Amino acid sequence: MAPKREKIKNESDPSLGFGLKNEPSEPINATDMEKTAKCIYWFRKALRLHDNPSLMHAIQKSQYIYPIFILDPWFVQKAKVGPNRWRFLLQSLNDLNEQLIRKNSRLILIRGNPSAVFAEKIKEWDINLICFETDTEPYAKLRDQEITKIATELNVKVETKYGHTLYNPDYVYKKNNEKIPLQYQSFVGALAKIGDPPKPIDEPSNVFNKLEIDYDLYKIPDLVSIGIDPSACGPLLFPGGETEALRRLEDKFKNESWICSFEKPNTSPNSLAPSTTVLSPYLKFGCLSARKFYWRLKQVYAKRKHSMPPVSLEGQLLFREFFYYVGAFTPNFNKIEGNPVCRQIKWDDKPEYVKAWKEARTGFPFIDAIMTQLRTEGWIHHLARHAVACFLTRGDLYCSWEKGQEVFEEYLLDQDWSLNAANWMWLSASAFFHQYFRVYSPIGFGKKTDENGDYIRKYIPVLKTFPAKYIFEPWTAPLEVQKRHNCVIGKDYPRPIVDHNVISKINISRMKKAYEESKLVSTDDGDDKKSRPTSSKSTKNPPKSEKTSPDTRPPSKKSKN
DNA sequence: CCAGAAGTTGCTACG
DNA sequence: GCGTAGCAACTTCTG
């Protein structure tokens with residue numbers, strides 16, 4: 001059963017192809033490819049068969065393919081991954097295994113440190129080729145360098161393809177004269193000059209040659225065996241896996257007028273059912289190819305009038321692209337210190353604030369409802385992320401965005417290194433966005449799309465019967481109303497942690513000061529003009545105004561809406 | 001180099 | 001109910 005040759009379809013513009021400049025760049029040409037290799041194909045992201053260039057490459061070069069996924073015990077113990085995302089990952093792996101079984105293959109799940117795994121398996125399986133998809137995240141780059149070194153020492157080739165984003169970031173970097181725009185529009189403009197991203201390729205049509213291995217040794221674990229209590233998971237709203245990803249994609253595309261009229265700012269952060277696609281977790285793990293989504297959109301756009309970036313669905317994919325791009329070329333992108341695009345702001349260190357925010361005890365029902373949905377379900381609307389991120393940082397609590405980033409990292413199904421960091425910098429007005437005086441109201445913002453507070457009722461049951469008039473600011477309800485609805489503020493539900501109307505004004509002036517100070521540092525710096533908002537040195541000279549501790553006491557009853 | 005425009009989606013008061 | 005001005009005024013990018 002010799003596998004049939006694969007041919008890459010739709011590779012219209014070779015210059016846009018999947019090849020990287022540091023690897024064999026000849027276009028894939030199946031006719032003169034000798035399929036002699038014994039290859040480990042290493043799944044990390046891209047947990048899919050469709051539009052998987054690096055997997056396709058492996059297939060074209062190899063006689064035998066060992067499709068592996070490595071579960072690093074260190075990662076299992078140390079990583080900030082909540083139960084819901086573990087469940088999503090394991091489901092995705094199980095689905096991937098099902099897809100491979102269709103191809104006469106199976107997923108080989110190995111528990112161990114990647115270096116040790118490769119050192120062992122290269123010899124055990126007599127491997128002479130390793131293929132995987134490139135990854136732009138710093139920890140992944142280091143890991144992959146190490147594996148490449150080990151492989152090279154053992155005379156094993158390593159061949160990779162990009163595949164996680166629409167465009168190859170290295171290619172865009174070169175075409176854009178190594179410039180890294182910090183505004184969405186200029187990035188989109190740069191892409192427009194480059195042209196369309198590659199079209200997706202089909203899943204492999206052949207079946208894999210049978211391996212002589214004992215699959216019982218390489219089973220996908222369940223939650224319990226990696227130390228996760230399944231009862232800690234929330235309701236299963238978004239099952240993991242490629243099958244579900246493609247089903248969900250097509251389900252959304254059934255309503256073409258919805259697809260074409262999509263405008264992100266007009267979707268609701270607090271509807272009871274998601275008002276957006278919720279394809280983000282599938283994009284994050286690569287269960288869904290971004291190019292597949294993109295070209296599916298283009299197909300529908302071609303037929304009718306449609307919304308445009310930045311608000312359209314295409315615009316959302318381009319934001320993902322933008323943040324991946326900046327993240328790939330910016331040192332310390334997920335940190336304040338040493339991050340050249342991040343404004344150096346001295347946030348307050350108030351662990352009790354961060355804790356209250358994380359545990360949905362801020363006393364603002366809209367904020368607490370969002371944080372509850374986040375913790376229990378693993379997904380919240382983008383604008384809901386705006387509201388709680390602004391609240392934690394520049395709007396109300398003036399805590400570091402790094403703390404919020406950690407919490408999102410733990411809870412979000414779609415937690416994505418570049419996107420999480422970029423969005424936190426955006427919302428805290430540390431990068432990309434600078435109009436710090438535009439502050440979301442933790443009371444008013446949610447009212448616009450949920451007048452009755454049904455979202456709050458769902459996620460904060462203690463307020464279930466509270467009158468709509470008071471539900472966004474229950475501390476303003478007369479005591480007898482609170483009693484009648486069995487929710488006395490300060491007893492059954494917390495008092496608000498700050499007086500938003502007071503603190504938000506104080507924080508705007510603190511932000512103004514922080515901006516002025518970071519401006520000073522960068523002009524000091526002489527020729528360091530490239531790294532705009534300051535260097536990390538600014539931590540050295542804390543301004544004396546630093547500890548002006550603003551009044552953060554809870555408001556009295558007269559706070560208005 | 002400089003001026004002006006634009007920037008994914010704020011809030012409140014007011015007509 | 002909706003559009004708009006005022007709020008105080010930021011940075012990046014373009015021409």
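Remember, predicted model here, so these are calculated numbers, not experimental data. Note on naming: letters A, B, ... go to the chains in the order of the sequence lines (proteins, then strands), and numbering restarts at 1 for each one.
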So which protein N/O to nucleotides 5-10 of chain C N/O distances come out below 3.5 Å?
residue	atom	partner	partner atom	Å
C/dA9	OP1	A/K512	NZ	2.7

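- A centroid separation of 6.0 Å or more is found between the aromatic rings of A/F187 and A/F319.
- Looking at A/Y493 and A/D368, their side chains do bring a donor and an acceptor atom within 3.5 Å of each other.
- At whole-Å resolution of the value, NE2 in A/H381 and C1' in B/dT8 are 12 Å apart.
- When the C1' atom is compared between B/dT12 and C/dG1, the two are found 16 Å apart, to the nearest whole Å.
- Aromatic rings of A/W424 and A/F408 (six-membered ring for Trp) have centroids within the 6.0 Å cut-off, being under it.
- The distance from atom CD of A/Q183 to atom P of C/dT14 is 9 Å, rounded to the nearest whole Å.
- Taking the C1' atoms as reference points, C/dA9 lies 13 Å from B/dG7, given to the whole Å.
- In this structure, the ring pair (Phe, Tyr, Trp, His ring centres under 6.0 Å) partners of A/H386, at least two apart in sequence or on a different chain, are A/H382, A/Y440.
- Distance from the side chain of A/P310 is smallest to B/dT8 among B/dT8, C/dT14, B/dG10.
- Using a 4.0 Å cut-off between charged side-chain N and carboxylate O, A/R85 and A/E410 make no salt bridge.
- Residue A/F432 is out of contact with every strand shown, counting any heavy-atom pair closer than 4.0 Å.
- If you check every strand for non-hydrogen atoms under 4.0 Å, A/P309 touches nothing.
- The residue A/E263 sits apart from the nucleic acid: no heavy atom pair falls under 4.0 Å.
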Show me the donor-acceptor pairs, under 3.5 Å and distance only, between side chains in residues 321-335 of chain A and residues at least two apart or in other chains.
residue	atom	partner	partner atom	Å
A/E321	OE1	A/L166	N	2.8
A/E321	OE2	A/L166	N	3.2
A/E321	OE2	A/Y167	N	2.7
A/Y324	OH	A/H164	NE2	2.9
A/Y324	OH	A/D416	OD1	2.4
A/Y324	OH	A/D416	OD2	3.2
A/Y325	OH	A/K179	O	2.9
A/T330	OG1	A/V326	O	2.6
A/N332	ND2	A/G338	O	2.9

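- For the ring pair (Phe, Tyr, Trp, His ring centres under 6.0 Å) test, no residue two or more places apart in sequence or in another chain qualifies with A/H381.
- Comparing the same atom, P, in C/dC7 and in B/dA3 gives a spacing of 24 Å after rounding to whole Å.
- Helical stems in DNA chain B, defined as runs of 3 or more consecutive Watson-Crick or G-U wobble pairs with donor-acceptor distances under 3.5 Å: B:2-7 with C:10-15, B:10-15 with C:2-7.
- In the model, A/Y459 has a side-chain atom that pairs as donor or acceptor with a side-chain atom of A/E377 under 3.5 Å.
- In this structure, of C/dT12, B/dG10, B/dG7, it is C/dT12 that holds the atom nearest to the side chain of A/L182.
- By the side-chain contact (heavy atoms from CB on, under 4.5 Å) test, A/Q185 is found to be paired with A/P310, residues two or more places apart in sequence or in another chain being considered.
- Side chain of A/R438, nearest nucleotide from B/dC11, B/dT8, B/dG10: B/dG10.
- For B/dC11, one of the phosphate oxygens OP1 or OP2 lies less than 4.0 angstrom from a side-chain nitrogen or oxygen of A/K448.
- Taking atom OH of residue A/Y184 and atom P of nucleotide C/dT11, one finds them 23 Å apart after rounding to whole Å.
- Across all strands shown, A/V311 has no heavy atoms under 4.0 Å from either base or sugar-phosphate atoms.
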